[in-house]
Asker: 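Please see the structure below; I have some questions.
All chains are named by letter (A, B, ...) in the order of the sequence lines, taking the proteins before the strands, and each is independently numbered beginning at 1. These values consider heavy atoms only, across backbone and side chains, with no hydrogens, waters or symmetry-generated copies.
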Number of protein chains: 2
Amino acid sequence: MDTLFAALADPTRRGVVERLTRGEAPIKELAAPHDMALPSFMKHIDRLEDAGLVTTRKVGRQRIVALTPDAFAPAETWLERQKRAWEERLDRLEDLAVRLEADSTDDA
Amino acid sequence: MDTLFAALADPTRRGVVERLTRGEAPIKELAAPHDMALPSFMKHIDRLEDAGLVTTRKVGRQRIVALTPDAFAPAETWLERQKRAWEERLDRLEDLAVRLEADSTDDA
DNA sequence: CATTTGGTTAGCCATATAGCTTAGTATATC
DNA sequence: GATATACTAAGCTATATGGCTAACCAAATG
């Protein structure tokens, strides 16, 4: 989870992910839009792979990078759970407020 | 976006967020379950605040921390967009495969 | 077989991160 | 007014991160 969110906390890496939703590609092609030396770029790919967001395979002298199926699932699940917990609490608070309001008008 | 994902890339901070979905709390109380010196813990709160995940206000000598409404929205939106792009591409590929298959059986 | 091309390895540098301690400051509480 | 409480500020350390260059390896290509 740490590595997943950390992998997404960098614009270069998010850019690579966005590119990969349109299909796999070799490293050279992925690197092209990012003004940086190849070894530096490679580290980002490594980090994406460590996070499980991406898989790579060697074809000839090229390394092809592809998005992992359900790559985002753990992150989405966690976020969804938090949002739900938060909204349920707001609902309970609202419910409580409504009931208190009803009580006060009963008194009148 | 960078700071948002980075803020979530740490178990202490995710723990704080999870706790806050059940309601706001002062720093001391939030810090209690995390075995670490207060100043160290404070830095995590600062990082959550910088990411816009959390707001704080001073009440007497306490600092109350609360989850920001729609705190996760940007992260969720980005993830959702990627997932959608990815799935649309898979659909197109499947569609293409089905059509190719149909063509080949037509030939037979 | 010489030369590109696409990665890869190794190692360096600057900054950021996550932790610490020690020493304040401001608000309660006795 | 003295003391305790809840931060807050300053400054230190170790490791991680994001970038670089230089040199190397292996698979094309001429």
Side-chain angles (χ1 to χ4, degrees), chain A residues 1-20 22-68 71 75 78, chain B residues 1-20 22-68 71 75 78:
Chain A
M1 203 71 158
D2 287 20
T3 51
L4 213 192
F5 278 120
L8 295 175
D10 177 283
T12 298
R13 292 192 293 262
R14 284 198 306 279
V16 170
V17 168
E18 287 170 8
R19 165 61 247 274
L20 289 176
R22 297 196 297 281
E24 60 182 27
I27 286 185
K28 196 75 191 305
E29 186 184 328
L30 292 173
H34 303 281
D35 185 29
M36 124 184 6
L38 237 206
S40 309
F41 184 78
M42 282 285 304
K43 283 196 193 174
H44 288 297
I45 300 295
D46 289 346
R47 246 134 119 37
L48 287 170
E49 196 167 11
D50 287 349
L53 277 166
V54 131
T55 57
T56 73
R57 67 201 148 90
K58 201 96 201 237
V59 173
R61 68 187 162 182
Q62 290 187 314
R63 178 168 296 284
I64 310 293
V65 185
L67 216 52
T68 305
W78 188 87
Chain B
M1 203 71 156
D2 287 20
T3 51
L4 213 192
F5 278 121
L8 295 175
D10 178 283
T12 300
R13 291 191 293 262
R14 283 198 306 279
V16 169
V17 168
E18 288 170 7
R19 166 58 248 274
L20 289 176
R22 298 196 297 280
E24 61 182 25
I27 286 184
K28 196 77 191 302
E29 187 184 327
L30 292 173
H34 302 281
D35 185 28
M36 127 185 1
L38 236 207
S40 309
F41 184 77
M42 280 286 304
K43 284 198 192 171
H44 288 296
I45 300 296
D46 289 345
R47 246 136 118 36
L48 286 171
E49 196 167 11
D50 287 349
L53 278 166
V54 129
T55 57
T56 72
R57 67 202 148 89
K58 202 96 201 236
V59 173
R61 66 188 161 180
Q62 290 187 314
R63 177 169 298 283
I64 310 294
V65 184
L67 217 51
T68 305
W78 188 88

Asker: His34(B) has an atom NE2; how far is it from atom P of dC7(D), in whole Å?
Answerer: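 Taking NE2 of His34(B) and P of dC7(D), I get 14 Å after rounding.
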
Asker: Side chain of Arg63(B), backbone of Ile27(B): donor and acceptor closer than 3.5 Å?
Answerer: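 Flag not set: sc Arg63(B) to bb Ile27(B) has no pair under 3.5 Å.
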
Asker: Considering only dT8(C), dC20(D), dT8(D), which nucleotide approaches the side chain of Lys43(A) most closely?
Answerer: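 It is dC20(D).
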
Asker: Could you tell me how far apart Asp10(B) (CG) and dT17(D) (C1') are, to the nearest whole angstrom?
Answerer: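 That distance rounds to 15 Å.
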
Asker: Is there a side-chain contact between Arg63(B) and the phosphate of dA6(D), meaning an N or O under 4.0 Å from OP1 or OP2?
Answerer: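 For Arg63(B), the contact criterion (side-chain N or O under 4.0 Å from OP1 or OP2 of dA6(D)) is not met.
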
Asker: Show the numbers, then the answer: is there a salt bridge (charged side-chain N to carboxylate O under 4.0 Å, His left out) between Glu24(A) and Arg57(A)?
Answerer: CA-CA 11 Å; Glu24(A) 60 182 27; Arg57(A) 67 201 148 90; 2.4 Å; yes

Asker: Have a look at Lys28(B) and say if it touches a base, only the backbone sugar-phosphate, or nothing, with a 4.0 Å heavy-atom cut-off.
Answerer: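 Sugar-phosphate: the residue Lys28(B), judged by heavy atoms under 4.0 Å, touches backbone atoms but no base.
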
Asker: Send over the distance from Asp2(B) CG to dA16(C) C1', rounded to a whole Å.
Answerer: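 These atoms are roughly 13 Å apart.
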
Asker: Would you state whether a donor and an acceptor, one from the side chain of Lys58(A) and one from the base of dG7(C), lie under 3.5 Å apart?
Answerer: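 Answer no: no donor N or O sits under 3.5 Å from an acceptor.
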
Asker: Going by heavy atoms in the side chains, are Leu4(A) and Trp78(A) under 4.5 Å from each other?
Answerer: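 No - every pair of side-chain heavy atoms lies 4.5 Å or more apart.
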
Asker: Can you see if the side chain of Ser40(A) gets near the phosphate of dC20(D) - specifically, an N or O under 4.0 Å from OP1 or OP2?
Answerer: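 Yes, because at least one side-chain N or O of Ser40(A) sits under 4.0 Å from OP1 or OP2 of dC20(D).
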
Asker: Would you mind reading off the distance between Ile27(B) atom CD1 and dA26(C) atom C1', rounded to a whole angstrom?
Answerer: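 In whole Å, dA26(C) C1' and Ile27(B) CD1 are 15 Å from each other.
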
Asker: Any idea which of dG19(C), dG11(C), dT8(C) is nearest the Met36(B) side chain?
Answerer: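 Nearest listed nucleotide: dG19(C).
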
Asker: Nearest to the side chain of Arg47(B) - dT22(C), dC7(D), dA18(C)?
Answerer: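 Nearest nucleotide to the side chain: dA18(C).
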
Asker: Rounded to whole angstrom units, what separation is found between the CG atom of Leu48(B) and the C1' atom of dT17(C)?
Answerer: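 It is 14 Å, rounded to the nearest whole Å.
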
Asker: Can you measure Ile45(A) atom CD1 to dG6(C) atom C1' for me and round it to whole angstrom units?
Answerer: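 Atom-to-atom, Ile45(A) to dG6(C), this comes out as 14 Å.
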
Asker: Rounded to whole angstroms, how far apart are CD on Glu29(B) and C1' on dC7(D)?
Answerer: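 From Glu29(B) CD to dC7(D) C1': 15 Å.
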
Asker: Pick the nucleotide of DNA chain D nearest each of Arg13(A) and Pro26(B); which residue has the one closer to the 5' end?
Answerer: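 Between the two, 5'-proximity favours Pro26(B).
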
Asker: For Ala9(A) and Leu38(B), take the nucleotide of DNA chain D holding the closest heavy atom to each; which residue's nucleotide lies nearer the 5' end?
Answerer: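 Per heavy-atom nearest nucleotide, the more 5' residue is Leu38(B).
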
Asker: From the list dT8(C), dG7(C), dT21(C), which nucleotide is the closest neighbour of the side chain of Ala37(B)?
Answerer: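 Per side-chain heavy atoms of Ala37(B), the pick is dT21(C).
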
Asker: Nearest-Å distance, CG (Leu30(A)) to P (dG6(C))?
Answerer: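 Leu30(A) atom CG is separated from dG6(C) atom P by 13 Å.
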
Asker: Checking only heavy atoms, does the side chain of Arg61(A) share a donor-acceptor pair with the base of dA27(D) at less than 3.5 Å?
Answerer: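 A donor-acceptor contact between them is present.
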
Asker: Does a nitrogen or oxygen in the side chain of His44(A) sit under 4.0 Å from OP1 or OP2 of dT17(D)?
Answerer: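 Looking at the OP1 and OP2 atoms of dT17(D), neither is under 4.0 Å from any side-chain N or O of His44(A).
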
Asker: List the steps and the verdict of side chain to side chain contact (heavy atoms under 4.5 Å, CB included) for Arg14(B) and Asp2(A).
Answerer: CA-CA 10 Å; Arg14(B) 283 198 306 279; Asp2(A) 287 20; 2.7 Å; yes

Asker: Can you tell me which residue among His34(A), Arg13(A), Glu49(A) is in a side-chain hydrogen bond (donor to acceptor under 3.5 Å, both in side chains) with His44(A)?
Answerer: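 Going through the options one by one, the only one that passes is Arg13(A).
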
